[in-house]
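Please read the structure below before turning to the comments.
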Amino acid sequence: MTTSNTTAEFAGKTALVTGGASGIGLEIARRLAEGGAAVVVADYNEQGAKEAVEAITAAGGRAAATILDVTDPESVRAAVDFAVETFGALHLAVNNAGVAGASAPTAEYPLDEWRRVIDTNLNGVFYGLRYELPRILASGGGAVVNMSSILGSNGFPGSAAYSAAKHAVVGLTKTAAVEYAAHGVRVNAVAPGFIDTPLLSNAQSQRDHLVSLHPQGRLGTAEEVAELTLFLLSDRASFVNGSYHLVDGGYAAR
Ligand code: NAI
């Protein structure tokens, strides 16, 4: 455990992180636990979720794993129930699970991939909000971060489904934010540029091109996305609500 000034910032809070077994979600889960939260790592990668929890508990944090498929509303409801049953409440949620999907021009985009990406990256976020919000309200309020993308505001060749889903997550975020703002729940979207995680494993041949799209001349790291996400989840962001927050090395500025 580190002793930064954010240590124990989340003491007494319970957090649910979907897609917490890998990449950005894993780093967010780790950092939340480091800040004192009890963290549920929810993922359809059971082994990865268990390993994440082992690492967090070995570092002195509190965490539990649950298997979750965000494309299945009943599975999402069960994961939210698990968080409350295990740790007694739910204050924070990060709807982060996502897939890259196929790369193909819109007119050739495979229909099954369209459905898989929309099911995961959009419907999964809706199901998350659907079941998290009542529990957060019942716990006295809190904050949610939905993982959008730079492709939540930009198009990208070959990524029709991904870009459509990530744009839609922004609308979902804004709507939930205005609905629940007066009830003590903030909802924000985080929009990473291209981040060096396993999600990009099929894009290695494009890596130099992707790097060139970022004025800072590199891809981002999961740590850099976690930093912004933790700020938005914290009381330091008490008046930040319903917004789309870039962490993109200047990608959108050019
Ligand atoms: P990753 O592939 O390292 O992690 C994604 C996690 O989501 C994995 O643990 C995977 O098992 C889980 N997951 C996927 N489908 C699931 C499902 N149906 N149910 C439950 N869990 C599921 O990817 P990364 O990069 O950490 O992505 C996290 C989020 O950040 C995603 O929403 C992604 O779209 C978004 N993002 C990533 C960027 C990147 O360049 N890596 C850029 C912008 C946004």
Side-chain angles (χ1 to χ4, degrees), residues 16-31 40-53 55 65-80 82 93-101 103 113 115-128 131 145-154 156 159 161-170 172-173 189-204 206-207 209-211 213-214 218-226 228-229 244-249 251-252:
L16 173 71
V17 182
T18 73
S22 174
I24 293 168
L26 175 60
E27 185 59 18
I28 291 168
R30 199 186 67 70
R31 292 277 304 273
V40 171
V41 177
D43 205 295
Y44 67 7
N45 174 357
E46 182 178 10
Q47 186 59 28
K50 282 184 179 161
E51 285 171 12
V53 165
T66 192
I67 305 170
L68 160 77
D69 180 352
V70 297
T71 68
D72 174 2
E74 280 308 303
S75 175
V76 178
R77 188 177 59 77
V80 173
F82 172 84
V94 184
N95 294 310
N96 162 81
V99 291
S103 177
E113 277 293 278
R115 291 189 199 98
R116 185 175 74 95
V117 173
I118 297 293
D119 255 358
T120 309
N121 295 5
L122 171 56
N123 295 344
V125 175
F126 168 66
Y127 301 144
Y131 296 108
V145 166
N146 296 325
M147 201 55 67
S148 180
S149 164
I150 187 64
L151 303 192
S153 55
N154 290 51
F156 194 85
S159 293
Y162 189 91
S163 180
K166 294 299 188 181
H167 274 72
V169 164
V170 178
L172 199 49
T173 299
V190 163
F194 285 83
I195 307 299
D196 205 355
T197 73
L199 191 93
L200 294 189
S201 57
N202 290 334
Q204 287 311 315
Q206 279 196 72
R207 193 184 169 93
H209 171 62
L210 296 179
V211 165
L213 298 174
H214 300 76
R218 64 174 175 84
L219 303 183
T221 66
E223 290 78 4
E224 289 168 322
V225 180
L228 174 59
T229 305
Y244 172 75
H245 303 270
L246 298 165
V247 48
D248 71 347
Y251 184 114

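In what follows, every heavy atom counts, from backbone to side chain, and hydrogens, waters and symmetry copies are set aside. Starting from 1, each residue takes its place in the sequence as its number. Read the numbers this way: they start at 1 and go in the same order the structure lists the ligands and their atoms.
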Inset, instruction - Tell me, please, which residues at least two apart from Y251 pass ring pair (Phe, Tyr, Trp, His ring centres under 6.0 Å). - result: H214
Legend entry - Point-to-point distance, once rounded to the nearest 0.5 Å, from NZ of K166 to CD1 of I150: 12.5 Å
Legend entry - ligand 1: protein residues within heavy-atom distance under 4.0 Å: G19, A21, S22, G23, I24, D43, Y44, N45, L68, D69, V70, T71, N96, A97, G98, V99, T120, M147, S148, S149, Y162, K166, P192, G193, F194, I195, T197, P198, L199, L200
Inset, instruction - Answer yes or no: is there a side-chain heavy-atom contact under 4.5 Å between T173 and Y244? - result: no
Inset, instruction - Please find out if less than 6.0 Å separates the ring center of F156 from that of F194. - result: yes
Inset, instruction - Looking only at non-hydrogen atoms, find the nearest pair between N45 and D43 and report the distance. - result: N-OD1, 2.8 Å
Inset, instruction - Evaluate the criterion side chain to side chain contact (heavy atoms under 4.5 Å, CB included) for residue pair N121 and V99; output intermediate values, then yes/no. - result: CA-CA 7 Å; N121 295 5; V99 291; 3.8 Å; yes
